[in-house]
S.K.: 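Dropping a structure here in structure tokens format, bear with me for questions.
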Number of protein chains: 2
Amino acid sequence: MPRPRSLTPAQLASAALHVIDHDGLAGLSMRAVAQQIGMSTMALYRYVNDRDELERLVVDLVFGAVDTTPPAADRPWHQRIEIMADRVRDTVGAHPGIVPLIIAHRHRSTHLLGWSETVTGILAEGGLDGRDRVIALRSLSAYVIGAIQLEHLGPLGGPGTQVMAELPPTEFPYLTETATHARTVTADEEFHGGLANLLRGMTAETGRPA
Amino acid sequence: MPRPRSLTPAQLASAALHVIDHDGLAGLSMRAVAQQIGMSTMALYRYVNDRDELERLVVDLVFGAVDTTPPAADRPWHQRIEIMADRVRDTVGAHPGIVPLIIAHRHRSTHLLGWSETVTGILAEGGLDGRDRVIALRSLSAYVIGAIQLEHLGPLGGPGTQVMAELPPTEFPYLTETATHARTVTADEEFHGGLANLLRGMTAETGRPA
DNA sequence: CTTTTAGGTGTACGGCATACGCTAACGATG
DNA sequence: CATCGTTAGCGTATGCCGTACACCTAAAAG
């Protein structure tokens with residue numbers, strides 16, 4: 001009987017995401033989002049308790065676009081994990097500004113739970129059980145989160161590598177040498193190479209062939 | 001010839017760290033740090049260009065406490081990597097509030113470069129070269145960063161696991177089952193277990209025995 | 001001493017999240 | 001069709017924040 005809402009949470013999140021994509025995470029403010037929508041700042045508080053909740057909506061919106069259906073079971077399990085990891089990486093890569101938000105709100109996104117469920121299932125089919133599976137899931141999460149951050153906050157080809165290359169070789173012999181090779185490694189190779197290492201280690205643990 | 005400085009950068013960073021340890025990262029402000037020191041807010045700007053630089057000082061102070069000397073070479077290389085990882089984890093664990101600062105300022109800390117140099121050297125002694133070593137270093141960094149964040153922003157025994165355990169089992173069969181085992185895994189086991197997986201994978205790659 | 005330089009302070013501005021109280025739009029009911 | 005209860009949306013105000021700027025003054029060099 002009362003006045004109907006003119007906005008869905010998804011529309012609100014979408015407006016906030018648009019602000020982030022356009023002006024970066026630093027540009028995200030209640031005022032900016034309100035302007036993007038064409039409402040007053042305080043109107044947003046009818047949809048959201050505080051800024052934190054708005055950020056959560058954004059994370060949920062982005063993760064909602066991640067496909068959580070299990071990949072075809074005829075591939076080896078480690079390859080299926082790789083597909084799942086790539087799906088997250090690709091989705092986040094389309095909105096790199098939200099990376100810090102993911103870390104803060106990761107555990108409150110229901111869509112991410114769906115992703116975890118699928119991954120856990122694949123791990124189980126790979127022969128991992130009990131405590132080993134707990135550790136496998138957590139270390140996979142840690143790697144994916146860390147690698148995505150590294151990729152977007154300090155990319156391989158970026159200034160960080162440049163700094164490494166220009167260090168005094170006498171004091172940093174290994175780093176300077178490694179930096180020269182770093183230029184030839186793409187972001188894809190880096191992500192997949194590290195993931196392959198982790199999966200190989202989990203494989204070796206169970207004694208199951210890759 | 002002019003008036004001498006009454007503060008070292010380290011003292012400034014220490015005051016800021018004290019604020020963070022006491023009131024959390026959200027409590028960190030130029031005003032709060034100035035009050036902690038007993039100076040006016042604007043006095044800080046004689047030592048630091050902006051808040052960002054203050055944060056950088058904090059990260060440098062904390063990482064300065066990380067021992068970067070190579071561990072005794074008579075241990076197997078993967079064990080030496082583990083020691084290096086533990087040093088970072090222990091140091092950050094003493095000041096969990098700075099975790100988000102690490103991510104933002106990681107690449108500008110000279111002490112962290114020293115840590116990377118030592119780790120890279122150990123990887124080299126472990127038989128990793130060229131592009132494999134680049135990937136090994138980056139995946140190690142990704143894992144350590146991600147795992148530390150997971151540990152402090154969403155610990156295993158925390159509400160996240162509780163949520164997982166209470167999910168509808170029909171929809172999340174694997175997650176709910178995994179959650180029951182999660183209670184028995186400590187933070188140490190989780191961190192070392194995942195790291196062991198990663199190192200095993202790197203070992204397998206080179207064909208070198210662990 | 002005086003001079004010079006930089007350390008330290010006080011004030012002010014614009015931007016932020018958000019508490020609070022008002023107005024008016026709308027669906028349901030008579 | 002008239003009325004009413006509910007609540008969407010807005011305007012205002014408060015108290016934070018970082019920091020630009022002008023000022024005063026401590027203290028070292030001459």
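Protein chains get the first letters and strands the later ones, always in sequence-line order, with residue 1 at the start of each. Only heavy atoms go into these numbers, but all of them, side chains included; no hydrogens, no water, no symmetry mates.
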S.K.: Name the nucleic acid region contacted by B:Arg5, choosing base, sugar-phosphate or nothing; use a 4.0 angstrom heavy-atom cut-off, strictly under.
M.R.: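 If one applies the 4.0 Å heavy-atom cut-off, B:Arg5 turns out to touch the sugar-phosphate alone, with no base involved.
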S.K.: Take atom CE of A:Met30 and atom P of C:dA19, then tell me their distance rounded to the nearest Å.
M.R.: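 That distance rounds to 10 Å.
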S.K.: Among the nucleotides D:dT19, C:dT18, C:dG8, which one has an atom lying closest to any side-chain atom of B:Ser40?
M.R.: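 Looking only at heavy atoms from C-beta outward on B:Ser40, the closest nucleotide is C:dG8.
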S.K.: Taking for each residue the nucleotide of DNA chain D with the nearest heavy atom, is it B:Asp50 or A:Leu7 whose nucleotide lies nearer the 5' end?
M.R.: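 Closer to the 5' end of DNA chain D: A:Leu7.
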S.K.: Rounded to whole Å, how long is the line connecting atom CZ of B:Arg51 with atom C1' of D:dC16?
M.R.: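 Roughly 12 Å, once rounded to whole Å.
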S.K.: Quick check for you: among C:dG8, C:dA17, D:dA8, whose closest atom lies nearest to any side-chain atom of A:Tyr47?
M.R.: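 Output: D:dA8.
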S.K.: Using a 4.0 Å heavy-atom cut-off, does B:Thr41 contact any base of the nucleic acid, only the sugar-phosphate backbone, or nothing at all?
M.R.: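 Touches a base.
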S.K.: Report yes if a donor N or O on one partner sits less than 3.5 Å from an acceptor N or O on the other, where the partners are the side chain of B:Arg3 and the base of C:dG8; otherwise report no.
M.R.: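 Answer no: no donor N or O sits under 3.5 Å from an acceptor.
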S.K.: Write down the distance between CG (B:Leu12) and P (C:dG8), rounded to a whole number of angstrom.
M.R.: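 Atom CG in B:Leu12 sits about 11 Å away from atom P in C:dG8.
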S.K.: Is a donor-acceptor contact shorter than 3.5 angstrom present between the side chain of B:Arg46 and the base of C:dA6?
M.R.: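 Counting by modelled atom types and ignoring angles, no donor-acceptor contact under 3.5 Å is found here.
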S.K.: Quick check on B:Arg5: does its CZ atom have over 12 non-hydrogen neighbours (other residues, nucleotides or ligands) under 6.0 Å away?
M.R.: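 Yes, enclosed.
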S.K.: Rounded to the nearest Å, what distance is computed from the CZ atom of residue B:Arg31 to the P atom of nucleotide C:dA12?
M.R.: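 It is 13 Å, rounded to the nearest whole Å.
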S.K.: What's the CD-P distance between B:Gln35 and C:dG8, to the nearest Å?
M.R.: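 Interatomic distance, CD of B:Gln35 to P of C:dG8: 17 Å.
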S.K.: Just how far, in rounded Å, is C1' of C:dG8 from CG of B:Leu44?
M.R.: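 Interatomic distance, CG of B:Leu44 to C1' of C:dG8: 11 Å.
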S.K.: For A:Tyr45 and C:dA19, give me the distance from atom OH to atom P, rounded to whole Å.
M.R.: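 To the nearest whole Å, that distance equals 7 Å.
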S.K.: Of all the choices, D:dA28, D:dC17, C:dT11, which nucleotide is nearest to the side chain of B:Met42 once you look at every atom?
M.R.: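 So the nucleotide nearest the side chain must be C:dT11.
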